[in-house]
Enquirer: 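Submitted below is the structure of interest, expressed as structure tokens.
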Amino acid sequence: MYVKMLGATVVGVEGRLIEVEVNLSSGLPQIAIVGLPDPAVRESVERVRAAIQNGGMKFPLDRITVNLAPADMRKEGTAFDLAIAAGILGASGQLPEPPPDGTLLVGELSLSGEVKPVPGVLPMVERARKEGLKRVVVPRACVAEASLIEGIQVVGIGSLQEWIQGGEDAYVSREENGVRTSGGFPGFALNGTEPDLSDVIGQHHGKRALLIAAAGMHNVLFVGPPGTGKTMLCRRLPSLLPPLDDEEALAVTKIYSVSGKLQGERQGLIRERPFRSPHHSVSAAGLIGGGSVPKPGEATLAHHGVLFLDEMPEFPRAALEALRQPLEERQVTIGRVRGAVSFPAHFMLAGSANPCPCGFWGSERPCTCSTLTVARYRARMSGPLADRIDLQAEMPRQAAPGAAGRGMSSAEGRALVAEACERQQFRYRGSGIRWNSELFGKLLAQHAKLAPEAEALLANAYASLGLSFRAHDRILKLSRTIADLAGSDRITEEHVAEAVRYRCLDTNVTG
Ligand SMILES: [Zn+2]
């Protein structure tokens with residue numbers, strides 16, 4: 001006997017529906033799974049067998065063929081267990097109430113028959129809704145996550161046995177499941193409790209740089225001796241950034257779903273911008289994603305948020321080089337035997353760096369590095385990556401921290417950033433971009449026009465400081481953000497003059 005069930009898998013961060021066909025024929029008892037299954041899917045047979053037997057049902061002593069279609073897509077993970085079990089039970093006449101047409105089945109089975117959560121439920125349910133399916137059956141632990149998608153019935157089950165015995169009653173509507181929808185889920189604290197900007201004493205120049213970076217989502221690098229608060233400042237970026245809008249929130253939550261990071265207390269739509277801070281021992285694959293079953297890397301986990309590289313020159317060159325693609329294309333593409341997999345990676349890069357290996361170059365304490373070492377170190381910083389950093393701010397050692405004062409709080413900063421964001425959103429409506437840092441080509445020329453005296457100042461700086469063409473454009477974008485923070489449509493001399501000061505690597509690299 002033959003039956004067909006619907007399962008799903010994830011490619012990159014998008015869900016794909018998979019047909020699970022099961023055929024029983026007479027012959028020697030054996031089971032074959034065809035259609036490019038990976039090892040975890042092959043092992044599914046043993047889990048399904050045990051789950052069926054321990055649930056008090058019979059595993060058929062027939063020749064069983066399971067076909068996963070389409071055949072040209074590699075099937076990964078354990079999410080097919082439930083569909084395969086339902087198929088085998090259906091084909092052997094043990095399903096009193098087969099799932100109605102248009103039902104997606106997702107879940108991993110334990111040997112006892114418990115239905116366990118799997119990563120990627122959110123994109124799978126999103127795909128099911130897009131393809132017009134009526135309902136999804138998911139592990140009970142994933143009900144809240146699945147219910148983030150509007151317009152599809154969500155049925156949560158705890159075990160295979162309970163589901164089979166539930167019959168028609170298993171398909172209760174989700175209102176009866178007691179699950180709220182449409183923004184009813186408070187976001188969980190993705191980054192933990194956020195430190196406040198007012199904790200950082202003094203460093204008004206650094207705070208100003210941080211504010212500008214947040215207002216335009218500009219990549220930012222702080223350069224200064226140890227103990228000047230570079231890291232403290234960067235860790236306060238999330239406290240300044242506006243919350244994710246609906247579309248961004250869904251995109252970010254899907255990434256965390258696929259990465260298996262939406263479990264237990266961490267359920268609901270993510271509204272906070274992610275802040276990722278990988279250690280400098282991270283591999284290139286850890287940073288941008290990879291592996292035999294490609295998983296999102298830090299660059300993708302930082303999508304629509306911040307990727308913070310503390311002590312940036314300490315990161316291996318290969319890892320930094322790997323970031324060039326996402327910084328330019330705002331996504332990561334990983335080549336595989338069967339087609340490439342893409343992960344979104346539109347993040348703001350924040351970095352900190354000492355001015356030299358010992359940390360004291362240019363400060364009042366003597367630097368113990370040789371001229372050559374300093375030059376090499378700076379070359380690593382001002383390489384291809386630094387060229388993609390709009391804002392390079394120097395953090396000097398402070399004389400007397402007590403006298404410096406606390407200055408702006410995160411709430412004050414957040415309000416200024418929010419206003420600047422509104423100006424950008426209004427200006428770029430319908431253009432496909434959202435932030436000043438995304439301006440390029442025609443859009444840059446159109447939206448970052450300088451007043452004549454500002455134009456003259458930039459031309460002068462360009463010539464006298466020997467700025468690169470890229471640096472020139474970055475100053476334009478920064479000037480646009482500085483003007484937005486001042487509530488000005490016009491970009492004046494004052495705005496450009498401030499932007500030029502944030503190119504310390506271009507103007508100060510003399511070793
Ligand atoms: Zn030094």
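For ligands, and for the atoms within them, numbers begin at 1 and follow the listed sequence.
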Enquirer: In the protein, how many N/O/S atoms are under 2.8 Å from the Zn ion (ligand 1)?
Expert: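 With waters ignored, the protein N/O/S count below 2.8 Å is 4.
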Enquirer: How far apart are the closest heavy atoms of Pro316 and Val282, and which atoms are they?
Expert: CG-O, 3.9 Å
Enquirer: Could you check whether any side-chain N or O of Ser437 sits under 3.5 Å from a backbone N or O of Gly216, counting only pairs where one atom can act as donor and the other as acceptor?
Expert: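 Yes, Ser437 side chain to Gly216 backbone: donor-acceptor pair under 3.5 Å.
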Enquirer: Taking the six-membered ring of Phe426 (Phe, Tyr or Trp), confirm whether the NZ or CZ of Arg429 is under 6.0 Å from its centre and within 45° of its axis.
Expert: yes
Enquirer: Look at the side chain of Tyr377 and the backbone N and O of Pro355, then say whether any donor-acceptor pair between them is shorter than 3.5 Å.
Expert: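 It does not hold such a pair.
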Enquirer: If you measure only the distance, is there a donor-acceptor pair under 3.5 Å linking the side chains of His303 and Thr300?
Expert: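 Short answer, no.
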Enquirer: Count the heavy atoms of every other residue, nucleotide or ligand shown that sit under 6.0 Å from CZ of Arg434, and state whether that count exceeds 12.
Expert: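 It does: Arg434 CZ has more than 12 such atoms within range.
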